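Both backbone and side-chain heavy atoms feed into the values below; hydrogens, waters and symmetry mates do not. By convention here, the first residue in the shown sequence is residue 1. If you're wondering where the values come from, they're calculated on a predicted model, not measured in any experiment.
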Amino acid sequence: MRFSYRLITVLVSLAATGCLVPARQYHSAQTQSELDIGRENPAGVSMVNSRKNDNPEGTDSVVLLSHHVASDLAPSPEDQVDQTDQIGNWQSGSLLKPSETEQSATADLKTVSHQEEKLGPNFPDSMTVKTPEEPHLLFENAADQSENRDPPRERLSYHDGNTDVDELLESIPLPDSEPVPVLRLVDVLNSVYASYPLLQSALLSRTVADGELLSTQGAFDLKLKGGGTSGPLGYYKTNRYGVGASQPLFSGGEIFGGYKVGHGNFQPWFKERQTDNGGEFSAGISVPLSQNRSIDSRRAAQYRATFGREAVEPEIQTQIISFIWDSTYAYWTWVAAGQNYQIAQRLLEIAQQRNEGLKTRVERGDLSAIELTDNARLIVSRETALIDARRKLQQAAIKLSLFLRTPDGRCIVPSEDQLPDLFPEAAPLDPEQMEHDIHLAISNRPELVSLELLRKQYKVDLAQAQNMYLPSVDASLFASKDVGAASSAKRDKTPFELEASLQVSVPLQRRKALGKIRAIEGKLARLSVKIDFTRDKIRTDVQNVYAALLAAFNRIERARESLELARTMEQAERRKFELGESNLLLVNLREVATAKAAKELLQAQLDYFKARADYHAALAFTDTPESTL
């Protein structure tokens with residue numbers, strides 16, 4: 001604890017003297033962890049990189065320069081102590097004996113404090129800070145990036161002759177960081193349901209269909225009508241006014257009623273326009289007896305609109321299946337592109353790591369310089385392949401962003417940190433389940449539902465055409481009664497009146513009706529053939545999906561075995577090269593063969609999960625059973 005206090009005291013004193021320089025920090029897309037870097041320069045100046053948690057910018061840290069802590073970075077043997085014992089004593093709270101360097105730093109601290117009292121509180125701001133030229137960074141990586149996807153942590157190296165601060169700081173627990181969650185398939189599908197624009201557009205089809213259905217219902221609205229006629233000049237001066245209402249009946253015909261009043265000197269041939277002083281009330285009903293009895297144009301339009309509203313749902317389901325299929329393809333393509341990028345990155349790292357060993361062997365003279373040149377060529381070639389793999393990964397992420405959106409509909413381009421480490425394990429498919437899945441697909445597929453609703457619409461058209469073939473026979477009943485004082489001495493308007501009528505009309509050839517009947521019957525026959533073909537196509541879709549799934553599953557098993565064999569051969573060839581029994585060309589061929597086997601396994605896994613998407617689409621699933629992916 002005393003050593004920690006003295007170390008902090010020295011660092012505070014250096015900050016007070018203005019020995020501060022900016023240094024770049026490492027930022028991770030997944031974590032907010034701190035990065036500490038210890039630097040040494042040839043002049044023996046030790047630097048400690050420390051980032052403050054309250055730094056609002058998050059981009060610059062503070063490097064404290066100590067000209068006093070390490071006068072000699074290579075401690076003498078007599079000053080060295082067992083680092084393990086030091087760490088144990090530090091953790092147990094025991095006191096460490098201060099070294100001469102620490103005592104010197106303490107003395108310098110007193111001098112600096114005395115100078116600060118003279119210069120005032122603004123002393124650090126008035127200092128001119130100079131950064132040493134090309135300081136040497138001392139760090140070591142925590143783990144291989146191919147095995148651990150977290151960014152390498154660079155640790156502080158600080159030596160004062162007696163104590164290894166790297167080991168001291170390593171024993172201090174770091175705050176837990178929040179990793180970026182891995183993007184799962186279910187996250188993409190939830191985004192499609194929540195904010196995919198084309199799905200929102202498809203759902204608006206319901207509003208369109210509801211409006212069309214409501215429009216056809218307007219044919220049965222209650223109708224009000226009224227008017228008046230006045231003739232103030234001429235021999236026959238008259239005034240007539242009236243109002244009425246009519247209500248069409250869904251079973252055919254209509255009922256009606258009204259009120260009218262007619263005063264004045266009417267022509268003898270228009271005496272029916274004249275009413276008693278109180279006016280005339282009337283009511284009636286008209287009923288079809290043959291044509292338009294079971295169906296007419298108004299009811300046929302409403303039937304078609306009703307079936308059209310029902311047909312919107314399978315159309316929406318068809319689009320949902322398509323959107324899920326497209327988004328699933330885009331997701332697995334993105335996952336495969338990410339793993340392909342890792343394969344290319346690993347190939348490049350192998351060549352880069354081998355380069356240092358080749359330099360050493362060339363310097364010793366046991367390897368020709370051309371081998372080093374050939375390895376440099378491999379590095380450049382693999383860098384080109386890595387650039388192309390990264391481009392494909394970026395393109396796949398951009399395509400996936402069409403389906404991955406914020407709640408307000410903005411596209412989200414997923415980052416590399418959200419990639420899953422591996423494809424999920426492929427599950428075998430039971431061939432005995434195929435017949436059950438075929439019947440399930442036939443009952444679920446929206447295409448058949450749409451065709452059945454279209455058949456119902458054709459049947460409505462057929463019924464209307466057959467209705468036109470019937471003769472028109474309409475019966476009506478009309479009643480009226482005048483009220484008030486009589487308008488004539490004969491009182492001929494006062495009695496209650498009742499009138500019944502029958503109207504008959506029929507075209508003799510009736511070719512219009514016969515032509516419509518024949519055309520609609522042909523449409524129904526054609527539709528029946530299409531329905532049968534659609535059932536057969538659904539059956540073949542399920543069979544093809546099963547074949548693709550079984551083939552992809554078997555390919556995964558074989559590709560995994562091929563990859564293991566390729567890795568064994570690669571390791572053996574690399575060992576022979578280290579012993580001088582092989583050459584770089586053969587090693588490169590083995591590495592390329594391993595990468596090819598890894599890509600074949602990757603392609604087999606991609607084909608399998610795409611076949612799974614085809615399987616869900618064939619069975620008309622609108623969600624994914626792999627909810628944990």
Side-chain angles (χ1 to χ4, degrees), residues 203-228 241-260 281-316 449-480 499-507 509-524 527:
L203 296 178
L204 290 175
S205 301
R206 294 171 178 169
T207 304
V208 176
D210 289 337
E212 293 176 351
L213 177 58
L214 183 62
S215 177
T216 60
Q217 294 173 351
F220 298 95
D221 289 346
L222 175 65
K223 298 179 179 63
L224 295 177
K225 57 183 177 181
Y241 307 98
V243 62
S246 63
Q247 175 62 62
L249 302 177
F250 192 79
S251 58
E254 64 177 356
I255 58 175
F256 52 88
Y259 171 81
K260 68 178 182 178
F281 291 92
S282 61
I285 183 173
S286 175
V287 179
L289 301 179
S290 180
Q291 190 181 106
N292 297 333
R293 180 176 178 82
S294 60
I295 191 172
D296 56 17
S297 60
R298 298 175 297 185
R299 282 176 283 178
Q302 185 169 347
Y303 292 151
R304 283 191 292 267
T306 301
F307 294 135
R309 174 61 181 85
E310 295 178 5
V312 169
E313 297 305 322
E315 291 176 359
I316 292 176
V449 179
S450 298
L451 292 176
E452 289 296 335
L453 290 172
L454 183 58
R455 189 206 295 270
K456 291 181 179 180
Q457 290 179 327
Y458 284 162
K459 288 183 176 180
V460 171
D461 296 338
L462 179 61
Q464 186 180 7
Q466 293 172 343
N467 174 71
M468 294 173 60
Y469 187 79
L470 299 174
S472 176
V473 181
D474 297 330
S476 60
L477 188 65
F478 179 80
S480 64
E499 179 182 310
S501 65
L502 182 67
Q503 303 291 332
V504 179
S505 174
V506 57
Q509 288 85 3
R510 290 177 286 188
R511 288 177 294 186
K512 181 178 181 180
L514 289 173
K516 285 186 174 293
I517 291 174
R518 184 175 299 177
I520 296 171
E521 287 178 344
K523 290 181 180 180
L524 285 170
L527 183 61

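Atom CD of E313 sits about 10.5 Å away from atom OG of S450, to the nearest 0.5 Å. Taken from OG1 in T306 to CD in Q457, the straight-line distance is 9.5 Å, to the nearest 0.5 Å.
S476 is linked by a side chain to side chain donor-acceptor pair (under 3.5 Å) to S501, counting only residues two or more places apart in sequence or in another chain. When the salt bridge (Lys or Arg N to Asp or Glu O under 4.0 Å) test is applied to R510, no partner is found at least two apart in sequence or on another chain. Listed by chain and number, the residues in a ring-ring contact (aromatic ring centres under 6.0 Å, His included) with Y259 are F281 (sequence neighbours excluded). For R293, the salt bridge (Lys or Arg N to Asp or Glu O under 4.0 Å) test picks out no residue, with sequence neighbours left out.
For residues 207-218, the side chain to side chain donor-acceptor pair (under 3.5 Å) pairs, not counting sequence neighbours, are D210-R309.
Taking the side chain as every heavy atom from C-beta outward, Q291 and V473 never approach each other to under 4.5 Å. Using a 4.5 Å heavy-atom threshold, the side chains of I255 and L249 count as touching. Looking at Y303 and K456, their side chains never come closer than 4.5 Å, going by heavy atoms from C-beta outward.
For L527 against Y458, the heavy-atom pair with the smallest separation is CD2-CD1, 3.8 Å. In this structure, G252 and P288 approach most closely via the heavy-atom pair C-CD, 3.6 Å. Contact record, V449 with P314: CG1-CG, 3.9 Å, taken as the closest heavy-atom pair. Scanning all heavy atoms of the two residues, the minimum distance from F220 to Q247 falls at O-NE2, 2.8 Å. Across all their heavy atoms, G308 and A209 have their closest contact at O-CB, 4.5 Å. Shortest non-hydrogen contact noted between Q302 and L213 is O-CD1, 3.9 Å.
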Show the atom names and distances, to 0.1 Å, of all donor-acceptor pairs under 3.5 Å that link a side chain in residues 460-469 to residues at least two apart or in another chain.
{"unit_1": "D461", "atom_1": "OD1", "unit_2": "R304", "atom_2": "NH1", "d": "2.6"}
{"unit_1": "Q464", "atom_1": "OE1", "unit_2": "R304", "atom_2": "NH1", "d": "3.3"}
{"unit_1": "N467", "atom_1": "OD1", "unit_2": "N292", "atom_2": "N", "d": "2.6"}
{"unit_1": "N467", "atom_1": "ND2", "unit_2": "N292", "atom_2": "OD1", "d": "2.9"}
{"unit_1": "N467", "atom_1": "ND2", "unit_2": "I295", "atom_2": "O", "d": "3.3"}

Residue pair E521, R518: steps toward the salt bridge (charged side-chain N to carboxylate O under 4.0 Å, His left out) verdict: CA-CA 5 Å; E521 287 178 344; R518 184 175 299 177; over 6 Å; no
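The 12-atom threshold is not exceeded at NZ of K225, counting heavy atoms of other residues, nucleotides or ligands nearer than 6.0 Å.
No donor-acceptor pair under 3.5 Å is formed between the side chain of S505 and the backbone N or O of S472.
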